[in-house]
Student: 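I have a structure here, written as structure tokens, and I will follow up with some questions on it.
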2 protein chains.
Amino acid sequence: MPRTPGQRAGLTYDAVLAAARDVFAERGRAGLSMRSVAAHLGVAPNALYSHVADKTALVDALLDDVLGSLAPPPADADPRTGLREVMLATFDLLVTHPGLVPTYLERQGARGPRARALGEAMTVLLARLGVDEDAAGRVVRALIVHTLGYAALATADDASLTPDQLRADLEVTLDWLLVGASRS
Amino acid sequence: MPRTPGQRAGLTYDAVLAAARDVFAERGRAGLSMRSVAAHLGVAPNALYSHVADKTALVDALLDDVLGSLAPPPADADPRTGLREVMLATFDLLVTHPGLVPTYLERQGARGPRARALGEAMTVLLARLGVDEDAAGRVVRALIVHTLGYAALATADDASLTPDQLRADLEVTLDWLLVGASRS
DNA sequence: CCGTCGAACTGTACGGTGTCCAGCATAATG
DNA sequence: CATTATGCTGGACACCGTACAGTTCGACGG
């Protein structure tokens with residue numbers, strides 16, 4: 001496995017990202033280090049720096065990558081239910097990737113391309129709710145912040161509340177926000 | 001400065017906590033390590049473990065400590081404005097301690113005595129809003145999650161939005177939540 | 001007053017982290 | 001074929017949290 005020096009492993013950005021995803025799935029957030037990713041690829045830790053600027057860059061890419069499994073709401077759906085469904089799906093996704101949530105918050109929400117695509121789909125629905133474009137940004141933010149926060153509670157270690165309870169709460173409070181948004 | 005072994009520095013839990021607060025104020029969250037706190041006290045790093053269980057325990061104590069500068073809302077205030085004011089004050093407090101917010105989220109909200117005191121004061125106001133006691137827990141959670149999230153955005157490194165804008169948004173969306181809560 | 005005991009603190013060390021540097025072999029380019 | 005650019009390595013630096021064993025002191029029972 002350890003090549004003689006100078007030989008190439010043929011790494012790519014995507015390979016590194018995939019390895020990061022694997023390591024994250026197997027060993028969780030705490031087990032995700034440059035060294036563990038490199039080991040997973042049979043490569044020296046430093047080799048990653050030829051393809052990735054930073055550890056934070058790698059983690060950011062991983063975050064956005066995970067978001068890729070989220071289906072954007074159809075543009076012709078009922079706005080309120082459509083928006084509620086995306087956020088609940090986001091909640092569910094985050095709950096199934098518990099170690100991810102703190103990192104997510106640490107980065108204060110992903111800013112990758114997938115995240116932006118979701119945001120735009122939401123803006124379309126909000127327009128049909130009567131929310132104009134610059135107000136839409138604020139509402140999207142509110143919804144995301146809210147959902148992320150609930151996901152954080154649901155994945156807390158202490159976990160005095162079950163994810164199901166929190167999901168129910170989220171459903172209610174999301175509606176409060178949506179009603180408020182459509183009303184102003 | 002380095003005492004001969006065996007001599008005592010006379011540390012206390014409070015001294016350690018105070019040192020942690022100092023170090024945090026001077027060097028931020030990233031600069032807050034067991035070693036830096038110990039150095040601030042002129043003491044070996046391990047000495048702290050006689051007074052504090054963990055680094056996480058120390059950080060938790062620090063978090064709750066910072067919350068101490070928050071005045072609970074008077075019980076006879078107008079419920080809605082009272083609740084809005086506490087949350088806005090919390091937001092302001094967090095914005096002035098930027099490095100603190102990610103840690104706060106990581107811990108998914110403080111659970112210390114000061115935090116609980118605030119929660120109870122809020123419950124009182126909610127009762128006067130017509131929210132019964134077990135629903136109050138949910139609403140308090142929603143308000144805190146929401147506010148924490150906005151503080152996170154306000155203290156993000158990228159900071160595409162100013163704290164003032166976010167504060168204004170928060171004020172509006174908090175009201176949406178409060179209206180929704182009082183209506184159900 | 002003295003012996004004992006427990007607590008406070010030390011030095012040392014282990015295993016981990018992210019990341020930089022210099023060197024070298026290979027692949028790509030002229 | 002000569003040259004340059006790239007990918008990778010070994011090694012190192014500066015940290016981190018914390019466990020272990022040992023020393024020395026303050027306090028307390030006899």
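In what follows, chains are A, B, ... by sequence order, proteins preceding strands, each numbered from 1.
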Student: Closest approach to the side chain of B/Ala47, judged atom by atom: which nucleotide of C/dT10, D/dT18, D/dT9 is it?
Tutor: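 Looking only at heavy atoms from C-beta outward on B/Ala47, the closest nucleotide is C/dT10.
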Student: Residues two or more places apart in sequence or in another chain: which of them pass side chain to side chain contact (heavy atoms under 4.5 Å, CB included) with A/Ser33?
Tutor: A/Arg35, A/Ser36
Student: Please determine which of B/Val139, B/Leu177, B/Leu129 meets the side-chain contact (heavy atoms from CB on, under 4.5 Å) test together with B/Ser182.
Tutor: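 The passing option is B/Leu129.
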Student: For the helix from C/dC1-D/dG30 to C/dG30-D/dC1, how many degrees between its two end axes (five pairs per end), to the nearest 10°?
Tutor: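 Result, rounded to 10 degrees: 0°.
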Student: Evaluate the criterion side chain to side chain contact (heavy atoms under 4.5 Å, CB included) for residue pair B/Thr173 and A/Arg138; output intermediate values, then yes/no.
Tutor: CA-CA 9 Å; B/Thr173 52; A/Arg138 291 199 290 265; over 6 Å; no
Student: Using the side-chain contact (heavy atoms from CB on, under 4.5 Å) definition, which of the options A/Leu178, A/Val172, A/Leu174 pairs with A/Trp176?
Tutor: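 One option only clears the test, and that one is A/Val172.
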Student: What is the distance from CG of B/Leu11 to C1' of C/dA7, rounded to the nearest Å?
Tutor: 12 Å
Student: Heavy atoms from C-beta onward define the side chain here; which of C/dG18, D/dT18, C/dT10 lies closest to that of A/Tyr49?
Tutor: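 The answer is C/dG18.
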Student: The side chain of A/Pro45 lies closest to which of these nucleotides: D/dG17, D/dC8, C/dT19?
Tutor: C/dT19
Student: For B/Leu153 and B/Leu161, what are the C-alpha separation, side-chain angles and deciding distance, and is it a side chain to side chain contact (heavy atoms under 4.5 Å, CB included)?
Tutor: CA-CA 8 Å; B/Leu153 287 185; B/Leu161 295 94; over 6 Å; no
Student: Who pairs with A/Arg116 by salt bridge (Lys or Arg N to Asp or Glu O under 4.0 Å), at least two apart in sequence or on another chain?
Tutor: none
Student: Whole angstrom is fine here: how far is it from CG in A/Leu58 over to P in C/dG18?
Tutor: 10 Å
Student: To the nearest 0.5 Å, what is the distance between NE2 (A/His146) and CG (A/Asp169)?
Tutor: 9.0 Å
Student: Taking the minimum atom-to-atom distance to the side chain of A/Met34, which one of D/dC8, C/dA8, C/dT19 wins?
Tutor: C/dT19
Student: D/dT9, D/dT18, C/dC9: which one has an atom nearest the side-chain heavy atoms of A/Val43?
Tutor: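 Nearest listed nucleotide: D/dT9.
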Student: Expressed in angstrom and rounded to an integer, what is the separation of A/Leu48 atom CG from C/dT17 atom P?
Tutor: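 Taking CG of A/Leu48 and P of C/dT17, I get 12 Å after rounding.
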Student: Can you pull the side-chain hydrogen bond (donor to acceptor under 3.5 Å, both in side chains) pairs that have at least one residue in residues 73-84 of chain A, sequence neighbours excluded?
Tutor: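 Pairs touching residues 73-84 of chain A that pass the test: A/Asp78-A/Thr81, A/Arg84-A/Asp175.
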Student: Which nucleotide sits closest to the side chain of B/Asn46: C/dC21, D/dG7, D/dC20?
Tutor: D/dC20
Student: Strictly below 4.0 Å: does A/His51 bring a side-chain N or O up to OP1 or OP2 of D/dT6?
Tutor: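 Looking at the OP1 and OP2 atoms of D/dT6, neither is under 4.0 Å from any side-chain N or O of A/His51.
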Student: Show each protein N/O and nucleotides 14-16 of chain C N/O combination with a separation under 3.5 Å, one pair to a line.
Tutor:
none

Student: Applying side chain to side chain contact (heavy atoms under 4.5 Å, CB included), can you list everything that pairs with A/Ala77, at least two apart in sequence or on another chain?
Tutor: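 For A/Ala77, the residues satisfying side chain to side chain contact (heavy atoms under 4.5 Å, CB included) (neighbours in sequence not counted) are A/Pro74.
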Student: Please report the distance, rounded to the nearest Å, between OH in B/Tyr13 and P in C/dA7.
Tutor: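 In whole Å, C/dA7 P and B/Tyr13 OH are 19 Å from each other.
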